[in-house]
Protein chains: 2
Amino acid sequence: MKERHEFILGEVVKAYLDTGQAVGSRALSERGDLELSPASIRNAMADLERMGLLCSPHTSAGRKPTDSGLRYFVDSLMVVDANLHNHLSASISSHLNLKRDINQVLQQATDELVSLTRFAGLVSVHEPDFSRIEKIELVPISTEQILAVIVSSEGKVQNRLVRRDAQLSDGRLSEISRSLSELLSHCSLEEARERLIREIDHDRLRIRQLLEELKQWAENPTKGKSDLIFSGQSQLLKMPEFGVIETVRSLFTAFEEKEDLLKLVEQVEQSEHGVKVFIGHEHALIDMDEVSVVLSRYEGEGRVLGTLGVIGPKRMHYERVLPIVDCTARWVSRVLGGNR
Amino acid sequence: MKERHEFILGEVVKAYLDTGQAVGSRALSERGDLELSPASIRNAMADLERMGLLCSPHTSAGRKPTDSGLRYFVDSLMVVDANLHNHLSASISSHLNLKRDINQVLQQATDELVSLTRFAGLVSVHEPDFSRIEKIELVPISTEQILAVIVSSEGKVQNRLVRRDAQLSDGRLSEISRSLSELLSHCSLEEARERLIREIDHDRLRIRQLLEELKQWAENPTKGKSDLIFSGQSQLLKMPEFGVIETVRSLFTAFEEKEDLLKLVEQVEQSEHGVKVFIGHEHALIDMDEVSVVLSRYEGEGRVLGTLGVIGPKRMHYERVLPIVDCTARWVSRVLGGNR
DNA sequence: AATAGCACTCCGGCCGATAGAGTGCCAACT
DNA sequence: AGTTGGCACTCTATCGGCCGGAGTGCTATT
């Protein structure tokens with residue numbers, strides 16, 4: 001591709017990002033730093049259209065970049081201001097204060113994403129599978145309840161309240177707790193279930209009811225699926241491109257379904273480190289051609305902890321949004337990694 | 001109010017609920033079972049307008065019920081079909097299967113609300129205040145972490161992971177657990193904080209770091225505020241009254257803010273048992289004159305556990321929606337009350 | 001008291017004309 | 001050969017005007 005063409009593509013994209021309108025040759029020649037007549041620009045634009053990087057909505061409108069055009073811009077033309085990056089990084093660090101709780105950290109992070117970009121924020125918490133029981137502990141809560149604390153080999157903690165037999169003394173309970181711990185340590189859920197059934201049959205521990213409840217838990221644990229949380233969706237309603245109710249509806253339906261977006265998020269979790277951009281049709285979410293998704297993984301303790309990013313109109317200032325998402329993800333990684 | 005007027009008000013409301021349009025005298029006389037000429041109806045409608053129960057959007061449109069008109073209809077004119085109530089009750093009971101987890105129960109309930117009404121569902125979980133510490137227990141999780149389980153006098157359980165000093169043996173830990181339990185039992189959070197500070201100063205237990213973390217918790221506990229959960233918001237986007245983006249935006253902003261809606265919910269929680277309806281301006285949510293909120297408390301173990309209901313257009317079929325919300329709340333109460 | 005008739009009002013949809021923006025192509029220029 | 005100016009053409013969005021429909025309020029009538 002000729003330098004001339006690249007330059008003009010870049011100018012078209014910039015103008016389009018600013019105005020949201022298709023941009024014509026005259027406007028372009030008057031607008032920028034390029035010293036070319038409208039006619040020359042027209043020729044170049046016709047070439048770019050043939051290459052599939054621009055398109056015109058109708059005969060006598062200007063040209064808009066296609067998804068491929070935007071992709072080319074993001075990949076090859078766009079320059080991220082290093083100052084901006086540093087500035088953002090500093091501003092985010094200073095603006096957000098440290099909380100210990102992971103949920104608070106993530107909440108702060110998305111709030112910051114929303115307020116910086118004015119788009120909808122998105123964060124997923126990657127829940128690793130609950131593969132094996134590491135430890136099980138029964139804590140007496142009252143005369144009527146016991147708290148069962150179950151820790152997985154991945155360090156995930158689950159709590160469950162079970163009813164307590166009135167006759168069960170605290171001493172006996174801690175005895176049972178020890179036996180159970182021995183019985184179930186390093187079992188998969190499936191194994192745990194089987195052992196519990198056997199135990200119920202023989203009822204050696206004489207706590208049939210408690211075992212029954214634990215068995216139920218083993219059959220139906222809180223499933224290890226990532227969860228998606230959105231914030232600031234109403235921001236999107238301010239954008240002129242979402243003036244038609246139809247677009248908005250498909251967007252919010254997608255927020256509710258979550259399924260498809262989860263796929264995208266998992267894709268990002270499994271790819272290499274860095275910010276990922278999905279422009280228009282690239283994310284393969286039906287009826288959402290008008291939106292782009294910018295995501296980045298965050299990490300801690302060397303593991304992938306989740307994904308965060310924003311959802312906004314295809315026409316967004318990528319050179320600004322990318323560093324914002326990048327810095328926020330880095331900040332979260334730093335806080336979560338260093339803090340525990 | 002004359003019987004004639006009541007009858008006509010009822011007909012206007014019904015026609016309006018069906019069509020969403022202002023309804024004129026001719027249409028009304030042709031529509032229903034009333035044997036009156038358009039002119040007579042006009043007279044009555046003029047009276048009703050003077051009473052503030054009807055209004056016309058402009059000179060030559062028909063009449064729509066005002067908020068007061070709808071209120072009058074809901075309070076005095078509407079008849080709820082007893083069959084419908086029984087039928088709904090049975091259908092909900094059979095359609096939803098029992099889960100033990102409260103969150104699953106609520107999720108099912110709102111899903112059912114959404115699918116039956118085609119409006120947005122809403123559920124709040126009332127979190128009672130965390131007034132006094134009933135019990136505190138430290139559970140060893142691994143060589144690096146301890147799980148602190150804190151139970152309030154209301155029976156609410158909070159968990160918190162704290163870092164573990166490498167030298168701390170399991171035996172010593174259960175010792176500390178006992179001492180702490182003695183130290184903090186029946187303290188308010190404020191007292192607990194003070195005692196912890198004193199303890200840190202003297203450091204009798206030689207676990208400064210652990211105490212510090214607990215102190216932080218006492219200063220900043222998960223606050224005892226009700227939380228609001230929505231579902232099916234995108235349903236609202238299908239309604240013609242939300243065709244204008246402005247209306248939608250204020251609605252979704254309200255969903256995000258939650259503050260104002262929480263007030264409404266708390267109001268319902270504190271009132272007596274039964275379904276509450278807020279029509280248009282009655283809920284005092286700015287810019288949301290076009291929506292009505294239908295809510296009902298649900299209970300269990302004799303306590304108020306929370307509120308559930310729907311948010312939909314002011315033009316909804318109250319005679320259908322009220323029993324739906326009522327039955328769902330009763331079902332939830334039954335399941336939560338009988339199950340634990 | 002109810003009704004029929006009538007004049008009046010207002011909204012919404014449907015042209016038709018116009019201005020504006022932009023393109024494509026051709027011929028001229030460097 | 002690439003660039004430029006000119007020109008005819010096209011398409012859209014907008015504005016004003018013009019009805020037809022629906023509905024009201026008032027008045028005279030039964």
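With respect to the salt-bridge test (charged N to carboxylate O, under 4.0 angstrom), the residues K314(B) and D67(B) qualify. The pair K263(A)-E266(A) does not count as a salt bridge, with every side-chain nitrogen at least 4.0 angstrom from each carboxylate oxygen.
Pairs engaging residues 112-121 of chain A under the side chain to side chain donor-acceptor pair (under 3.5 Å) rule: H95(A)-E112(A) [sequence neighbours left out].
Backbone-only contact: R63(A) has heavy atoms under 4.0 Å from sugar-phosphate atoms and none from a base.
A side-chain contact (heavy atoms from CB on, under 4.5 Å) with V123(A) holds for exactly one of L295(A), L308(A), L113(A), V265(A); it is L308(A).
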So which protein nitrogen or oxygen atoms get under 3.5 Å of nucleotides 2-5 of chain C's nitrogens or oxygens?
residue, atom, partner, partner atom, Å
dA2(C), OP1, R4(B), NH1, 3.2
dT3(C), OP2, S37(B), OG, 3.2
dT3(C), OP2, S40(B), OG, 2.1
dT3(C), O5', S37(B), OG, 3.4
dG5(C), O6, R42(B), NH2, 3.4

Write down the protein N/O and nucleotide N/O pairs, taken from nucleotides 14-21 of chain C, whose separation is under 3.5 Å; answer none if there are no such pairs.
residue, atom, partner, partner atom, Å
dA21(C), N3, S60(A), OG, 3.4

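Residue H317(A) places its NE2 atom among more than 12 non-hydrogen atoms of other residues, nucleotides or ligands, all under 6.0 Å distant.
Considering CG of L262(A) and CG of L228(A), their distance stands at 4.0 Å, rounded to 0.5 Å. Separating the NZ atom in K64(B) from the OG atom in S56(B) is a distance of 10.0 Å, to the nearest 0.5 Å. For the atom pair D75(B) CG and M78(B) CE, the distance stands at 8.0 Å (nearest 0.5 Å). We find the CG-CG distance between N43(B) and L48(B) to be 11.0 Å, quoted to the nearest 0.5 Å. The line from CZ of F252(B) to OG of S234(B) is 7.0 Å long, rounded to the nearest 0.5 Å.
Applying a 4.0 Å cut-off to non-hydrogen atoms, none of the residues of residues 15-22 of chain B approaches DNA chain D.
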Practice prompt. Check the pair I324(A) / T328(A) against side chain to side chain contact (heavy atoms under 4.5 Å, CB included), numbers first and verdict last.
Written response: CA-CA 6 Å; I324(A) 288 175; T328(A) 310; 4.2 Å; yes
Worksheet item: Are H85(A) and D326(A) close enough, and set up right, to give a side-chain hydrogen bond (donor to acceptor under 3.5 Å, both in side chains), and what steps lead you there?
Response: CA-CA 9 Å; H85(A) 204 287; D326(A) 190 31; 3.0 Å; yes
Worksheet entry | Chi angles and distances behind the side-chain hydrogen bond (donor to acceptor under 3.5 Å, both in side chains) call for S37(B), S40(B) | CA-CA 5 Å; S37(B) 73; S40(B) 313; 3.1 Å; yes
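The overall bend of the helix from dA1(C)-dT30(D) to dT30(C)-dA1(D), read as the angle between its terminal helix axes built from five base pairs each, is 20° when rounded to 10 degrees.
Summarising the geometry, the separation between CG on L54(A) and P on dT23(C) is reported as 10 Å, rounded to the nearest angstrom.
Protein chain A contacts DNA chain D from dT3(D) to dT12(D), reading 5' to 3' and using non-hydrogen atoms of the protein with a distance under 4.0 Å.
Residues V277(B) and R71(B) share a closest heavy-atom pair of O-NH2, 2.8 Å.
A close approach under 4.0 Å does occur between a side-chain nitrogen or oxygen of S25(A) and OP1 or OP2 of dT23(C).
S25(A) and R42(A) are linked by a side-chain donor-acceptor pair at a separation below 3.5 angstrom, with hydrogens and angles left out of the test.
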